[in-house]
Protein chains: 2
Amino acid sequence: MTAETAENAETAADRPRKRQARGERRIAQLLEAAGKVFAESGYAATTTNAIAARAGVSPGSLYQYFPNKDAIAAALAEFYADSLDTLLAPFAVVDPAAVTLEEALGSSLGPLVAFHRENPACLVLFVGGHTPGHVMDLQAPLMARTHARIQALLALYAPELPPARLEWGAAVTLAAYKGVLPLVVEADEEQVPELTRELRDLLLGYFERLLRP
Amino acid sequence: MTAETAENAETAADRPRKRQARGERRIAQLLEAAGKVFAESGYAATTTNAIAARAGVSPGSLYQYFPNKDAIAAALAEFYADSLDTLLAPFAVVDPAAVTLEEALGSSLGPLVAFHRENPACLVLFVGGHTPGHVMDLQAPLMARTHARIQALLALYAPELPPARLEWGAAVTLAAYKGVLPLVVEADEEQVPELTRELRDLLLGYFERLLRP
DNA sequence: AGAGATTACGAGTGATTGCTCGCATTCGTC
DNA sequence: GACGAATGCGAGCAATCACTCGTAATCTCT
């Protein structure tokens, strides 16, 4: 997933391994296949052999690139976490004087929804509760960062809100968002814009209630 | 879980079996243990031997009362579905002239939250995505009924809302509710009232936005 | 072309786990 | 107390699955 030039690639993990272009392609194939199978069957029910078969590769080849099943999920999760971090970045530079919350949410939610529809395994690994091992190491920081972003956004539009309320408000917002995403991901293509608007309204409605009682 | 008198109990499934009081007790023990282990480890990672051990019973005894692992989860799920149906019943008899939405939600959400905190496995089986086999047969109808209840409630308070909006509104409400529940279930006891209020505000805020755009 | 490394294969292995079976114990009833 | 039925046990079976290994094909570089 990371395109590394021959010169600078010296991470401790893959130092002794010289990888050919074919190998990089196989890794991409395997991760794509893994995403599909995880999305269909969930983490626990997916077998490594199924991933290999889906990628058109033997089980032995799979284990040439990944030490174990966990590592496959972790590699996927890392890609997802990076992507989401990028997609969530716009929230960090919102100017409350120039842009309303409605506008900010309206423009940023679309790409997020699109990403999750293209990568349904992301929800399986991140919001589906029991994902073991190294995936949590990616999920927890991502969630913490997202929480912080929401909290900062809220503070921006409601400076006088008490910190405790801000804290819980961000947590509830994130939880509700994670709850509705599966609905949007599994819906028909044609209903996505409508559902995205409803998701925006859900968050906006909550924000309004947070800001003025 | 269902207390059946000796006279009327003639379901096709357990007809030929005469069960002693000891057996009923064992079933209750097993289901309680199953609830704990499912809540801790998720469905897939739970072993039948772990359930038996937790109940202080041998694996063989477990299989005297349940034909397979699925049946244990299904029995638990049936109990949960029945309980939730009862807890959700108040929504069917709300009078919009006498009670505001805020009051209706405020009084009904508390018991629901309490139930889920006492039975964390309920969320594992119902909202945690990949639960196999017979559990879905209980989950799908329950969700459909809940969806219908929310939709009816919305229609009561907003008679002029177009049906399509009503449909999606109920779906989004249910999804958001399911998303926030885990947060409330895992929170410390002392923060439950505050979080329940936030959950109520989330739904109310969305309803307000639905009702007058 | 030839050497050395990487890639690819797929049958096989060891560990896990859902589940069974034969037998011992306890209960309900007379 | 005695008999049949229900309960209880736990070692073990069979199937699944993550993972390995010996070997062969293919690439890179000279």
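Letters go in sequence order (proteins before strands), and every chain restarts at 1. Below, each value reflects all heavy atoms present in this structure, side chains not excepted, and no hydrogens, waters or symmetry copies.
Checking A/L62, A/I72, A/L76 one by one against A/L30, the side chain to side chain contact (heavy atoms under 4.5 Å, CB included) holds for a single residue, A/L62.
Here the nucleotide nearest the side chain of A/Y63, chosen from D/dT7, C/dA8, D/dT20, is D/dT20. You'll find that the side chain of A/S61 is closest to C/dC9, out of C/dC9, D/dC9, D/dT7. In this structure, of C/dC19, D/dG8, C/dT6, it is C/dC19 that holds the atom nearest to the side chain of B/K69.
Residues forming a salt bridge (charged side-chain N to carboxylate O under 4.0 Å, His left out) with A/R22 (at least two apart in sequence, or on another chain): none.
Across the protein-nucleic acid pair, B/R19 atom CZ and D/dT7 atom P stand 6 Å apart, rounded to whole Å. For the pair B/N68 CG and C/dC19 C1', the interatomic distance rounds to 9 Å; values are reported in whole Å. Rounded to whole Å, atom P of C/dG18 lies 14 Å from atom CG of B/L30. For the pair B/D70 CG and C/dT17 C1', the interatomic distance rounds to 15 Å; values are reported in whole Å. Between the CG atom of A/L62 and the C1' atom of C/dT7 there is a distance of 13 Å, given to the nearest Å. Spacing between atom CD of A/Q64 and atom P of C/dG10 amounts to 14 Å, rounded to whole angstrom units.
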Stepwise salt bridge (charged side-chain N to carboxylate O under 4.0 Å, His left out) check, B/E102 with A/R209: CA-CA 12 Å; B/E102 180 156 357; A/R209 279 219 144 226; 3.5 Å; yes
CA sep, side-chain torsions, deciding dist, call: B/D70, B/Y43, side-chain hydrogen bond (donor to acceptor under 3.5 Å, both in side chains): CA-CA 9 Å; B/D70 237 40; B/Y43 177 83; 2.7 Å; yes
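Residue contacts shown for A/G60 include a base, since a base heavy atom lies under 4.0 Å away.
Side-chain nitrogen and oxygen atoms of B/S58 include none within less than 4.0 Å of the OP1 or OP2 phosphate oxygen of D/dG10. Taking only side-chain nitrogens and oxygens, B/Y65 comes nearer than 4.0 Å to OP1 or OP2 of D/dG8. Under 4.0 angstrom from either OP1 or OP2 of D/dG8 there lies at least one side-chain N or O belonging to B/R26.
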At a cut-off of 3.5 Å, list every protein nitrogen or oxygen paired with a nitrogen or oxygen from nucleotides 23-30 of chain C, distance to 0.1 Å.
residue: C/dC27; atom: O4'; partner: B/R22; partner atom: NH2; Å: 3.4

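With salt bridges taken as basic N to acidic carboxylate O contacts below 4.0 Å, none links A/R117 and A/E186.
Between the B/T131 side chain and the B/L125 main chain, a donor and an acceptor come within less than 3.5 Å of each other. Between the side chain of A/S61 and the backbone N or O of A/V57 there is no donor-acceptor pair closer than 3.5 Å.
Here A/L154 contributes atom CG and A/L210 contributes atom CG; the two are 6.0 Å apart, rounded to the nearest 0.5 Å.
Aromatic ring orientation, A/F126 versus A/Y80: perpendicular (interplanar angle above 60°, classes split at 30° and 60°).
Interface residues of residues 43-54 of chain B facing DNA chain C, ordered by number: B/T46, B/T47, B/T48, B/N49; criterion, heavy-atom separation under 4.0 Å.
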